[in-house]
Amino acid sequence: MEFLREQGVNENLIQKVIEFREKYQVFESEKSRIEKPQMNFYGKEILEMAISAILEGENILLCGAKATGKNVLAENLAYIFGRPQYNISFHVNIDSNVLIGTDTFEDNKVKLRKGPVYLSALYGGFCILDEINMAKNDAVSVLHSVLDHRKIIDVPGYDKIHLNDACRFIGTMNYGYVGTRELNEALVSRFMVIDMPSIKEETLMQIFENEFPDAKKEALLQFTKLFMDLQKKAENGEISTKPLDLRGIIAALRTIRCGLKPVSAVSMGITNKSFDGFERDIVGDVVMTRIPDSMECFDVF
Ligand SMILES: Nc1ncnc2c1ncn2[C@@H]1O[C@H](COP(=O)(O)OP(=O)(O)O)[C@@H](O)[C@H]1O
Ligand SMILES: [Mg+2]
């Protein structure tokens with residue numbers, strides 16, 4: 001809550017979140033699923049949109065380019081609302097059995113080994129449906145039934161269960177990603193959709209300072225500017241979004257802290273992520289202006 005206040009999130013919303021947390025208790029067995037996120041999500045407007053939708057009982061879909069903080073936001077929301085978190089990544093071949101559960105033998109009896117959607121429904125969890133646009137039809141039909149107004153899960157051979165009132169689904173999707181399908185209209189209509197903005201310079205600087213409190217400010221500013229330069233080039237279509245990788249830049253900073261020369265670190269974290277020679281040259285030029293060859297790790301940390 002302190003963090004939300006620091007971000008300037010509306011006090012009225014903060015009060016309602018506190019009420020939500022008091023109203024919905026957490027089952028003892030699920031307490032270990034309440035995880036403090038590794039990173040805070042920065043962005044007051046987006047936080048306010050997401051928090052108000054969730055307070056009003058809505059499920060939300062986070063859409064945006066990669067590294068816009070979709071997963072960080074989803075994890076932050078589960079923690080803010082004090083709910084256990086269950087994750088499904090639709091990268092792999094996820095079908096309805098994975099979502100809801102499969103029959104297993106236990107003590108000579110057939111039992112349902114419950115899947116993440118079922119567990120969220122039962123315990124009022126926040127279920128994160130990562131890269132939901134990769135979902136197969138079979139999985140989509142399960143999502144339709146849990147997300148519609150009946151809020152029921154019906155597993156053949158077992159009891160029907162009603163969704164717990166604290167249960168929410170948070171979908172994430174990257175558009176324009178190879179292999180993704182157009183997300184089915186009927187599925188989208190079941191969510192409130194948040195369009196994740198690309199990152200702002202001040203936000204990025206905040207993230208770096210938070211992540212690397214031991215780094216020199218001036219150096220972090222150069223890394224921030226490097227990212228902004230690349231973002232501008234990607235927006236203008238001069239390069240793809242492949243080298244625009246915040247996770248990569250953070251990883252590069254970590255290796256610099258470890259003692260690696262900044263240019264080498266940035267090659268691994270950014271430049272070498274593009275496999276197109278022409279693009280790599282452009283990225284290399286941008287890197288050179290911000291992270292000169294003469295820069296050493298002790299210039300950064
Ligand atoms: N607004 C933001 N607040 C905090 N971290 C952010 C934000 N935007 C991007 N990031 C950073 O971007 C990286 C990738 O975040 P992630 O949530 O995995 O992105 P996505 O799921 O959108 O691809 C993380 O290291 C995270 O710190
Ligand atoms: Mg993601």
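Below, each value reflects all heavy atoms present in this structure, side chains not excepted, and no hydrogens, waters or symmetry copies. Just so you know, ligand 1 is whichever comes first in the structure, and atom 1 is the first atom listed for that ligand. Owing to the predicted nature of the structure, the values given are computational and were not obtained by experimental measurement.
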Can you sort out which atoms of ligand 1 are near Ile199, meaning under 4.0 Å from one of its heavy atoms? 7 (C), 8 (N), 9 (C)
Find all atoms of ligand 1 within a distance of less than 4.0 Å from any non-hydrogen atom belonging to Phe41, and give their numbers and elements. 1 (N), 2 (C), 3 (N), 4 (C)
So the protein N/O/S atoms within less than 2.8 Å of the Mg ion (ligand 2) come down to Asn71 OD1
Does the Arg83 side chain pair with the main chain of Ile80, one donor and one acceptor, at a distance under 3.5 Å? no
Between the side chains of Arg257 and Asp214, is the shortest nitrogen-to-carboxylate-oxygen separation below 4.0 Å, so that they form an ion pair? yes
Show every donor-acceptor pair shorter than 3.5 Å between a side-chain atom in residues 229-237 and any protein atom, with sequence neighbours excluded, or say none if there are none.
residue, atom, partner, partner atom, Å
Asp229, OD2, Arg290, NE, 2.8
Asp229, OD2, Arg290, NH2, 3.3
Gln231, NE2, Ile199, O, 3.1
Lys233, NZ, Glu238, OE1, 3.3
Asn236, ND2, Lys232, O, 3.4

Give the table of side-chain donor-acceptor pairs shorter than 3.5 Å for residues 26-41, with sequence neighbours excluded, one pair per line with atom names and distance.
residue, atom, partner, partner atom, Å
Glu28, OE1, Lys31, NZ, 3.1
Glu30, OE1, Tyr86, OH, 2.4
Arg33, NH1, Gln85, O, 3.2

In this structure, atom 18 (O) of ligand 1 is nearest to the protein heavy atom Arg247 NH1, 3.1 Å
To the nearest 0.5 angstrom, please state how far the NZ atom of Lys225 sits from the CG atom of Leu204. 11.0 Å
Considering only the protein, which heavy-atom contact is closest to atom 12 (O) of ligand 1, and what is its distance? Leu246 CD2, 3.3 Å
Gln206 and side chain to side chain contact (heavy atoms under 4.5 Å, CB included): which single residue from Glu201, Glu211, Lys200, Gln7 fits? Gln7
For atom 5 (N) of ligand 1, what's the nearest protein heavy-atom neighbour? Residue, atom name and distance, please. Ile207 CD1, 3.4 Å
Less than 3.5 Å between some nitrogen or oxygen of Thr68 and one of ligand 1, yes or no? yes
For atom 4 (C) of ligand 1, the closest protein heavy atom turns out to be Asn40 O, 3.2 Å
Under the side chain to side chain contact (heavy atoms under 4.5 Å, CB included) test against Asn71, which residue among Leu62, Asn87, Asp130, Ile170 passes? Asp130
Residue, atom and distance of the protein heavy atom nearest atom 9 (C) of ligand 1 read Ala67 O, 3.3 Å
Ion pair present between Arg5 and Glu11, side-chain N to carboxylate O less than 4.0 angstrom? yes
Taking only non-hydrogen atoms of Met39 and a 4.0 Å limit, the atoms of ligand 1 in range are 25 (O), 26 (C), 27 (O)
List every atom of ligand 1 that sits less than 4.0 Å from any heavy atom of Tyr42, numbering the atoms from 1 in the order shown and giving each element. 1 (N), 2 (C), 3 (N), 4 (C)
Examine the side chains of Glu279 and Ser240 and answer whether a donor and an acceptor come within less than 3.5 Å of each other. yes
Which residue and atom name correspond to the protein heavy atom nearest atom 21 (O) of ligand 1, and how close is it? Asn71 OD1, 2.6 Å
Set out, in order, the CA-CA distance, both residues' side-chain angles and the distance that settles side chain to side chain donor-acceptor pair (under 3.5 Å) for Tyr42 and Asn210, then state yes or no. CA-CA 11 Å; Tyr42 295 91; Asn210 199 49; 3.1 Å; yes
How about Phe20 and Tyr24: are their ring centroids closer than 6.0 Å? yes
Quick check on contacts: which atoms of ligand 1 are under 4.0 angstrom from a heavy atom of Val72? 15 (O), 17 (O), 26 (C)
To the nearest 0.1 Å, how far is atom 16 (P) of ligand 1 from its closest protein heavy atom, and which atom is that? Gly69 CA, 3.8 Å
Starting from atom 22 (O) of ligand 1, what is the nearest protein heavy atom, named by residue and atom, and what distance separates them? Lys70 NZ, 2.8 Å
Suppose the criterion is salt bridge (Lys or Arg N to Asp or Glu O under 4.0 Å): which pairs have a residue in residues 12-23, not counting sequence neighbours? none
Enumerated ligand 1 atoms positioned under 4.0 Å from heavy atoms of Ile250: 25 (O)
Side chains of Asn10 and Lys44: do they bring a donor and an acceptor to under 3.5 Å? no
